[in-house]
Peer 1: 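Quick one: structure below, then a few questions.
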Amino acid sequence: MQAWQVHENGEPSEVMRLEGVGTPTPGDGQILLKVRAANINFPDALMCRGQYQVRPPLPFTPGVEICGETEDGRRVLATPALPHGGFAEYAVADAAALLPAPDALDDAEAAALHIGYQTGWFGLHRRARLEAGETLLVHAAAGGVGSAAVQLGKAAGARVIGVVGGAAKAAVARELGCDVVVDRNAEDVVAAVKEATGGRGADVVYDPVGGAAYAQSAKVVAFEGRIVVVGFASGTIPSPALNHALVKNYSILGLHWGLYNTKNPKLVQHCHERLTELAAQGAVKPLVSERVPLGGAAAAVQRVADGVTTGRVTVVPGLTEGGAA
């Protein structure tokens with residue numbers, strides 16, 4: 001079969017190589033899946049660079065999120081068991097962790113409903129306890145993680161402020177349903193958020209960026225607000241001033257979604273049921289901005305790494321270079 005392999009760490013476009021390899025053999029409790037669509041996540045780029053908390057042995061195939069097909073023809077969502085990741089024609093996954101793909105979504109959309117939307121749901125509902133009528137601020141609102149949080153926030157009845165970088169991403173954030181959009185390249189984020197909230201600030205801040213975005217979050221979070229720390233796409237891990245959290249009465253909440261798979265997998269199943277319902281209602285629909293054939297995976301992972309994409313970029317092995325399935 002064809003699979004992208006990483007033999008050494010570095011930039012995705014330089015270290016990912018499309019090679020002919022043997023079809024992986026499932027281990028105990030695992031299942032072989034035909035990859036129908038593999039969603040690209042920022043951790044795929046970090047793994048190529050050797051900068052992610054999970055470091056699979058070299059060589060490995062990236063791709064942590066797929067819509068796959070079982071031997072008996074069922075469409076399922078899975079997080080492949082590395083080193084046999086999703087940027088390939090076949091992958092392996094833990095059989096017990098498979099989730100049914102929602103009928104309302106095509107393969108690429110279904111692949112994108114998994115990690116980003118689960119992270120958003122756990123962050124907003126389990127950790128921050130977002131309530132209808134509250135104000136939610138989402139950093140990188142036009143990106144894959146941020147766009148999921150925007151849709152989930154709107155579905156929960158929140159007023160959503162999206163922070164983006166650039167006019168094109170601002171347009172995407174508006175289409176996603178943001179009530180207020182702040183272009184950090186053209187506006188003072190802190191001043192714009194305070195103006196939009198009458199000086200009160202945001203009840204919940206969803207931050208997958210870190211760095212300067214976190215510093216802005218601390219300045220605009222409301223009294224008894226909650227900052228959900230999701231990741232550090234900026235490359236800079238902030239050091240919060242805890243005295244500031246004390247004097248402003250706000251909470252800093254960490255979120256590592258993957259832990260729920262081992263600590264409380266029933267919650268993951270419950271979340272998937274809720275997401276499936278929301279997809280059926282049309283309340284959420286993953287924004288898939290690009291569908292690329294298997295041969296375009298390395299370049300696509302690099303674009304995600306460079307922060308120039310919107311929504312989700314998904315690798316579809318059955319897609320030809322001309323775009324037909």
Side-chain angles (χ1 to χ4, degrees), residues 26-39 41 43 53-54 63-82 84-86 91-132 144-145 147-158 204 206 208 228 230-231 253-286 288 312 314:
D28 291 341
Q30 295 182 330
I31 188 171
L32 181 68
L33 297 172
K34 180 181 180 181
V35 179
R36 295 177 66 111
N39 188 44
N41 287 268
Q53 56 257 40
V54 176
V64 297
E65 179 177 42
I66 69 169
C67 175
E69 183 179 331
T70 63
E71 202 171 66
D72 59 4
R74 290 179 295 126
R75 278 199 326 149
V76 296
L77 305 187
T79 53
L82 300 175
H84 304 296
V92 294
D94 292 335
L98 299 182
L99 299 169
D103 293 334
L105 305 177
D106 67 22
D107 293 339
E109 292 166 343
L113 187 76
H114 198 183
I115 296 174
Y117 280 83
Q118 286 257 351
T119 300
W121 192 90
F122 274 92
L124 298 181
H125 293 290
R126 179 80 181 176
R127 302 295 285 135
R129 308 291 182 181
L130 178 69
E131 297 181 8
V145 173
S147 61
V150 168
Q151 291 186 355
L152 289 167
K154 291 299 294 181
V204 175
Y206 192 80
V228 185
V230 184
L253 305 169
L255 175 61
H256 178 188
W257 170 75
L259 287 177
Y260 289 97
N261 286 299
T262 54
K263 300 288 187 182
N264 197 339
K266 288 184 179 179
L267 283 177
V268 175
Q269 179 64 46
H270 170 68
C271 173
H272 182 66
E273 291 167 0
R274 288 293 301 123
L275 293 175
T276 299
E277 291 171 5
L278 290 170
Q281 296 163 6
V284 302
K285 185 181 179 69
V288 180
R312 288 298 191 184
T314 306

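Heavy-atom basis, side chains included; hydrogens, waters and symmetry copies ignored.
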Peer 1: Can a donor-acceptor pair be found, under 3.5 Å and without considering hydrogens, that links the side chain of Arg127 to the backbone of Leu124?
Peer 2: no
Peer 1: Minimum heavy-atom separation for Cys67 to Ala101, with atom names?
Peer 2: SG-CB, 4.3 Å
Peer 1: Do Thr70 and Leu33 come within less than 4.5 Å of each other through their side chains, counting heavy atoms only?
Peer 2: yes
Peer 1: Can you name the nearest heavy-atom pair linking Leu255 to Tyr260, along with the distance?
Peer 2: CD1-CE1, 4.0 Å
Peer 1: Roughly how far, to the nearest 0.5 Å, is the NE2 atom of His270 from the CG atom of Leu275?
Peer 2: 9.5 Å
Peer 1: CG of Leu278 to CD of Gln151: how many Å apart, nearest 0.5 Å?
Peer 2: 10.0 Å
Peer 1: Does Lys34, at its NZ atom, have more than 12 non-hydrogen atoms belonging to other residues, nucleotides or ligands within less than 6.0 Å?
Peer 2: no
Peer 1: Is any side-chain heavy atom of Asp94 closer than 4.5 Å to one of Asn261?
Peer 2: no
Peer 1: Looking only at heavy atoms, which two atoms of Gly123 and Tyr206 are closest? And how far apart?
Peer 2: CA-CE1, 4.4 Å
Peer 1: Where do Pro80 and Gly63 come nearest, in terms of heavy atoms and distance?
Peer 2: CG-O, 3.5 Å
Peer 1: What is the minimum heavy-atom distance between Pro208 and Val145, and which atoms define it?
Peer 2: CB-CG1, 4.0 Å
Peer 1: Are more than 12 heavy atoms, taken from residues, nucleotides or ligands other than Glu71, located less than 6.0 Å from that residue's CD atom?
Peer 2: no
Peer 1: Measuring from Phe122:CZ to Leu259:CG, what's the distance to the nearest 0.5 Å?
Peer 2: 10.5 Å
Peer 1: Does the side-chain contact (heavy atoms from CB on, under 4.5 Å) test come out yes or no for Val76 and Ile31, once each step is laid out?
Peer 2: CA-CA 11 Å; Val76 296; Ile31 188 171; over 6 Å; no
Peer 1: Nearest heavy-atom pair of Arg36 and Glu69: which atoms, and what distance?
Peer 2: NH1-OE1, 2.8 Å
Peer 1: If we ignore hydrogens and angles and just use 3.5 Å, is the side chain of Glu65 paired with the main-chain N or O of Ile115 as donor and acceptor?
Peer 2: yes
Peer 1: Given 3.5 Å as the limit, does a donor-acceptor pair link the side chain of Arg312 with the main chain of Asn41, or not?
Peer 2: no
Peer 1: List the steps and the verdict of side-chain contact (heavy atoms from CB on, under 4.5 Å) for Trp257 and Arg126.
Peer 2: CA-CA 11 Å; Trp257 170 75; Arg126 179 80 181 176; over 6 Å; no
Peer 1: Look only at the side chain of His272 and the backbone of Pro100, and say whether a donor-acceptor pair between them is shorter than 3.5 Å.
Peer 2: yes
Peer 1: Please round to the nearest 0.5 Å and tell me the distance separating atom NZ of Lys285 and atom OH of Tyr117.
Peer 2: 9.5 Å
Peer 1: Would you indicate whether Asp72, at its atom CG, is surrounded by more than 12 heavy atoms from other residues, nucleotides or ligands within a distance under 6.0 Å?
Peer 2: yes
Peer 1: Is any side-chain heavy atom of His125 less than 4.5 Å from a side-chain heavy atom of Arg274?
Peer 2: no
Peer 1: Taking the side chain as C-beta and beyond, is there a heavy-atom pair between Thr276 and Leu99 under 4.5 Å?
Peer 2: no
Peer 1: Asn39 versus Thr314: any side-chain heavy-atom pair under 4.5 Å?
Peer 2: yes
Peer 1: Once rounded to the nearest 0.5 Å, what's the spacing between atom CZ of Arg75 and atom CG of Leu98?
Peer 2: 13.5 Å
Peer 1: Checking Gln118 side chain against Val268 main chain: does a donor-acceptor pair fall under 3.5 Å?
Peer 2: yes
